[in-house]
Amino acid sequence: MSLLWFYLASFAIYFITGYITNRMNPFYYNKIDKASYNGFFVSLILGLYFMEIALFRQIPLLGLISGNFSYGDEFGIPVVHTLLVSFNSFYCVYIFHQYISKKDKTLMLQFLLLILPYVLLLYRSNILGIFVSCFFIFLFSTRISYKVVIISVMSVLGIFYTFGFLGNLRSADGDSTYIARASGATEDFLESNVPKEFYWTYLYVASPVANLQNNINYTKQDEGGWNELVLNECFPDFMIKFLPFVDRQEKSFYQINEFLNVGTIYVYGFSFLRWKGMIFMFFYFLFFINLYYVVLYKTKQYRIVGMALLFNMIIFANFHNTISYSASSLQLLYPVIFSFMHFSSRKKHTLEEIKS
């Protein structure tokens, strides 16, 4: 019951704070021009993936199909791969915003080309994250109608089904009932006509909250301090991973099942400092998302992409801490960096015009 009240109170505060922030800086959608550098970045991204495949001499999807690949196998160049994957996600969403703005078929082709590496690498969460971000851009850009609602529902169901299908392919050799049976689904469900691919979505939504509740039930005392909480939960991996003076701990928590090992953004906060840790993480996340909105608000070229990626991060906060996970949090840096470069370029161009 305590967790329920915590969620109700936190959602209410999020809503009120979001309303106030939007009143101060009203959100609006804007179209953008087609970028002249798309071809360069698409070629660079695909080229780096090709280099990794050449170095490791394997493609995970083909290896899995042939039975010569295990998902425990290491793939990708350390550090480079994290940057590549995160930048790929950002640029894929950025191209989609261009496509929505201009309806250029070349942009759609480039978008699909950037999705392809995730299919070959069996990165379901990245594919889902891109689709969720693009779905938000679609909603930003259109007027809500019955047709839009129907299309949206069908698209969401299609994404959920594809997510489950790829999950079965990756983890169960295509057996659509394996994960459901392993996690304790009832026989009534297993014998029902509901496609078992949708069970993956249910599992990913419900199990993190169940793990958080289980952690609350069994954690009887603080298992860390403020230093551990801040270092482990408030900074992306890439910022402190290689600092020699930082001892970042791999924290555990009480799971409902040994293979359902994902908690919400609050689960480790409770492990370290119990309710103090959870409340701290709530206010930290609240501050983070509102600050990001304000920072990116005036940037027209990359603002919508940044907002879509931010909304995606908020949704995926149900699956542990998307801020501390570099492949996720790095995506939010790119709109800020590109905005700064865009602003600097325009300022330099303006100064040159004045001098001439």
Side-chain angles (χ1 to χ4, degrees), residues 25 27-49 79-104 106-115 117-118 126 129-141 235-239 288-314 316 322-323 325-353:
N25 299 285
F27 178 83
Y28 64 93
Y29 173 80
N30 61 281
K31 294 182 179 181
I32 59 174
D33 295 327
K34 180 179 177 181
S36 60
Y37 42 78
N38 286 335
F40 168 76
F41 280 114
V42 171
S43 300
L44 176 64
I45 292 169
L46 296 178
L48 288 173
Y49 278 122
V79 181
V80 172
H81 189 69
T82 299
L83 293 170
L84 176 59
V85 169
S86 60
F87 186 77
N88 187 8
S89 296
F90 153 71
Y91 212 84
C92 199
V93 177
Y94 178 48
I95 284 183
F96 184 80
H97 185 202
Q98 296 176 54
Y99 172 76
I100 288 291
S101 300
K102 298 299 181 182
K103 298 298 189 296
D104 188 318
T106 302
L107 291 169
M108 178 51 64
L109 175 61
Q110 291 173 332
F111 173 80
L112 295 175
L113 285 173
L114 292 183
I115 291 285
Y118 290 150
N126 296 90
I130 288 174
F131 284 157
V132 169
S133 298
C134 292
F135 179 65
F136 278 120
I137 291 179
F138 168 74
L139 292 181
F140 295 159
S141 66
F235 294 96
D237 289 335
F238 71 89
M239 291 183 65
F288 178 88
I289 59 180
N290 281 278
L291 177 64
Y292 188 79
Y293 178 82
V294 172
V295 167
L296 213 60
Y297 180 75
K298 294 184 179 180
T299 305
K300 290 185 177 180
Q301 187 70 13
Y302 305 99
R303 182 174 61 90
I304 297 300
V305 172
M307 291 303 102
L309 293 173
L310 179 64
F311 286 7
N312 178 62
M313 171 180 276
I314 293 171
F316 276 82
T322 45
I323 295 176
Y325 179 48
S326 293
S328 173
S329 55
L330 270 171
Q331 297 176 42
L332 296 182
L333 275 181
Y334 301 125
V336 177
I337 294 171
F338 271 65
S339 297
F340 177 77
M341 294 172 61
H342 184 73
F343 173 78
S344 299
S345 177
R346 289 184 60 183
K347 185 177 180 180
K348 181 179 179 181
H349 183 70
T350 303
L351 290 174
E352 290 176 350
E353 286 184 342

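Residue numbers count from 1 along this sequence. The structure presented is a predicted model; accordingly, all values stated were derived computationally and were not measured.
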Practice prompt. Quick one: do N126 and N88 satisfy side chain to side chain contact (heavy atoms under 4.5 Å, CB included)? Show the steps, please.
Written response: CA-CA 9 Å; N126 296 90; N88 187 8; over 6 Å; no
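- Taking the ring centroids of Y302 and Y334, they lie at or beyond the 6.0 Å cut-off.
- The side-chain contact (heavy atoms from CB on, under 4.5 Å) test with V93 is passed by exactly one of I304, V305, V132, L114: V305.
- Residues passing the salt bridge (charged side-chain N to carboxylate O under 4.0 Å, His left out) test with K102 are D33, sequence neighbours excluded.
- Listed by first and then second residue, the side-chain hydrogen bond (donor to acceptor under 3.5 Å, both in side chains) pairs involving residues 39-48 amount to none (not counting sequence neighbours).
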Discussion item. The test is side chain to side chain contact (heavy atoms under 4.5 Å, CB included); show your working for Y29 and I100 and say whether it passes.
Written reply: CA-CA 11 Å; Y29 173 80; I100 288 291; 3.4 Å; yes
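- Two residues are said to be in side-chain contact when any heavy atoms from C-beta on lie closer than 4.5 Å; L296 and P335 meet this criterion.
- With contacts defined as side-chain heavy-atom distances shorter than 4.5 Å, the pair Y293/F27 qualifies.
- Listed by chain and residue number, T21 satisfy the side-chain hydrogen bond (donor to acceptor under 3.5 Å, both in side chains) test with N290 (two or more places apart in sequence, or in another chain).
- The CG atom of L309 lies 11.0 Å from the CG atom of L333; values are rounded to the nearest 0.5 Å.
- Side-chain contact between M313 and Y292 is absent, with no heavy atoms from C-beta onward closer than 4.5 Å.
- Residues Y99 and T106 are not in side-chain contact: their nearest non-hydrogen atoms beyond the backbone lie 4.5 Å or more apart.
- Qualifying side-chain hydrogen bond (donor to acceptor under 3.5 Å, both in side chains) partners for Q98, counting only residues two or more places apart in sequence or in other chains: N38.
- The structure places CG of L46 at 13.5 Å from CZ of F41, a figure rounded to the nearest 0.5 Å.
- Partners of K300 according to the side-chain hydrogen bond (donor to acceptor under 3.5 Å, both in side chains) rule, which considers only residues two or more places apart in sequence or in another chain, do not exist here.
- Other residues, nucleotides and ligands contribute only 12 or fewer heavy atoms inside 6.0 Å of the NZ atom of K298.
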Name every donor-acceptor pair, under 3.5 Å, that has one atom in a side chain of residues 133-141 and the other anywhere in the protein, sequence neighbours excluded.
unit_1 : atom_1 : unit_2 : atom_2 : d
S133   : OG     : G129   : O      : 3.0
S141   : OG     : I137   : O      : 3.2
S141   : OG     : F138   : O      : 2.9

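- Between Q301 and H97, the shortest heavy-atom contact is O-ND1, 4.5 Å.
- Counting heavy atoms from C-beta outward, I130 and F96 have side chains that stay 4.5 Å or more apart.
- For K31, the NZ atom sits in a loose shell: 12 or fewer heavy atoms of surrounding residues, nucleotides or ligands are nearer than 6.0 Å.
- By the 4.5 Å heavy-atom criterion applied to side chains, Y49 and Y118 are counted as neighbours.
- A distance of 11.5 Å separates CE in M108 from CG in L113, rounded to the nearest 0.5 Å.
- Proximity of the aromatic rings of F90 and F338 is defined here by a centroid distance below 6.0 angstrom, and this criterion is met.
- Remark: S339 OG to R303 CZ distance equals 10.5 Å, nearest 0.5 Å.
- In this structure, CD1 in I289 is found 11.0 Å from CG in L332, a value given to the nearest 0.5 Å.
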